[in-house]
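Notes follow the structure.
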Amino acid sequence: MRMIKTLSALAATLALAACGGGEQPAQDTLTVPPTDSTAAVRAKRTQNIFHNIPSPMETAGLLKKAGAEYDKDILNDVRNVDNYTAASKQALNLGVYGADLSYASVFNNTQESMLYTSCAQKLAKKLDVSDAFNAQVVDRLEKNRNNRDSLLSIISDTYWQVDGYLKENQRDNISALMIAGGWVEGLYIAAQVTKAHDTPELRQRIAEQKLPLVDLLALVRTYSPDDPAVSSVLGDLQTMDSLYTDVVIPKGNSTITQDNGVAVIGGTAPLAALTDAQLAAITSAVTTIRAKYIN
Amino acid sequence: MKHLSSLIAVLFLAALPSISSAQCRSFAKNKCMPAMAPYKFNETFNAAQLAPGEEATVDLTFYSGQSYRLLVCAHPILGQVNWKLLDASGNSLFESKADDPKGSFDFKVATTQKLTVQIDVPAGDKGGNEMMTVGCVNILVGYME
């Protein structure tokens, strides 16, 4: 068991149901007697928690705010779910369907949300993610299918549970594949909605994916030496990274102003943008990679 | 007996990460998340199991145009913790001290960027046969839809 103190913060896509749903132990902290009777001076240690990737739910919300319209035809066909037999494909598409679920939910398409939930349920079961999607969660989703806020809340909650289960059972590589699949699908969705209705705001959101990609690469790299599937995904992400090399994310300054009682960090700076060539290259590459994952 | 207690301690410590991770999540969900409202949790779970005298950092991406709430929630066994929000150049944008704690910080960013949350747990002042206490510190982010 890894005794590492470095923790990964994961933003996986998902609406998956949880691990067992049992009661958590009442005690939240652990008190351990010292191994020596004399007081030991603990060396100050710094833990670095990194590899944080914004969730597809937030990304989908940003696309909606940027003027994207909903198009169910760009999402992964629900019928593909039965084609995924290898664990790596299942994990990648758990992320893909999670991103699709986020997109459908944010745009208030509850019927499709339930379809993608069903896909996620099937894949979770194949991956043996605890007692994936216990009847309670499915029941709650069904009861709240017409209540967008409740649906999003349940999705978020179950996503937490699955992510936790994978990490606590040393299946971080599966989690990494899920996150990668979710990020690729999120970028693919952004590229497709931009193709349909190209705006500076949508291009900005695509350009900004350069930042989470850095963390995603670091996360995937952690597991790539031990897992050929993860190595392959690493190669795909490195391809994307090369296309983002010349994408500039302008830096604001460190000023803090107030806007109706809320602090605003940074002054005016140009927003991130993409040239036509950059957009075309990113769109083409992510489409190819995504096709490899879903087919 | 001394060797046996050492062995037990080592075995206990070996089991520590998986037990604590579940407990940190439970603590975050039950004790920390209520303070997130009306912001929507961004589904990203960041937590560390820290002891007095230890530090943790996490880099987070924040998007322009979003309103965020950054919540640092430590288990009471640790007491109050120090934490700060830094920009990419290391400039301090917000600070919460243990003797003047602020559980959260609401903000927007003018441009999409990575910021760093840095936490340190004040060292205990007990000497002698001090118990080694570890507690969860959760760093949670919410945004306004």
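Letters go in sequence order (proteins before strands), and every chain restarts at 1. Since we're looking at a predicted model, the values are computed, not measured.
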Can you tell me which portion of [X] sits under 4.5 Å from chain A's heavy atoms? Options are side chain, backbone, both or neither.
X: B:Lys29; result: both
X: B:Leu78; result: neither
X: B:Phe105; result: side chain

Is the count of non-hydrogen atoms from other residues, nucleotides or ligands lying under 6.0 Å from B:Lys102 atom NZ greater than 12?
yes
Straight-line distance of [X] [atom1] to [Y] [atom2], nearest 0.5 Å:
X: A:Lys210; Y: B:Thr61; atom1: NZ; atom2: OG1; value: 13.0 Å
X: B:Lys108; Y: A:Ile256; atom1: NZ; atom2: CD1; value: 14.5 Å
X: A:Ile249; Y: B:Thr111; atom1: CD1; atom2: OG1; value: 9.5 Å
X: A:Leu211; Y: B:Asp59; atom1: CG; atom2: CG; value: 11.0 Å
X: A:Ile265; Y: B:Gln113; atom1: CD1; atom2: CD; value: 6.5 Å
X: B:Asp87; Y: A:Lys251; atom1: CG; atom2: NZ; value: 9.5 Å

I'd like to know if the side chain of B:Thr44 and the backbone of A:Pro54 have a donor-acceptor N/O pair within less than 3.5 Å.
no
Looking at A:Gly266 and B:Ala110, what are the two nearest heavy atoms and their distance?
O-CB, 3.3 Å
Heavy atoms only: give me the nearest B:Ser64-A:Glu208 pair and the separation to one decimal.
OG-OE2, 3.8 Å
Decide yes or no on side chain to side chain contact (heavy atoms under 4.5 Å, CB included) for A:Lys65 and B:Gln66, but give the supporting numbers first.
CA-CA 10 Å; A:Lys65 284 183 184 176; B:Gln66 293 274 69; 2.5 Å; yes
Any side-chain heavy atom of B:Tyr143 within less than 4.5 Å of one from A:Met57?
yes
State, yes or no, whether a side-chain contact exists between A:Pro212 and B:Tyr63 at a heavy-atom distance under 4.5 Å.
yes
Under 4.5 Å from any heavy atom of chain B, what part of A:Gln204 do you find: side chain, backbone, both or neither?
side chain
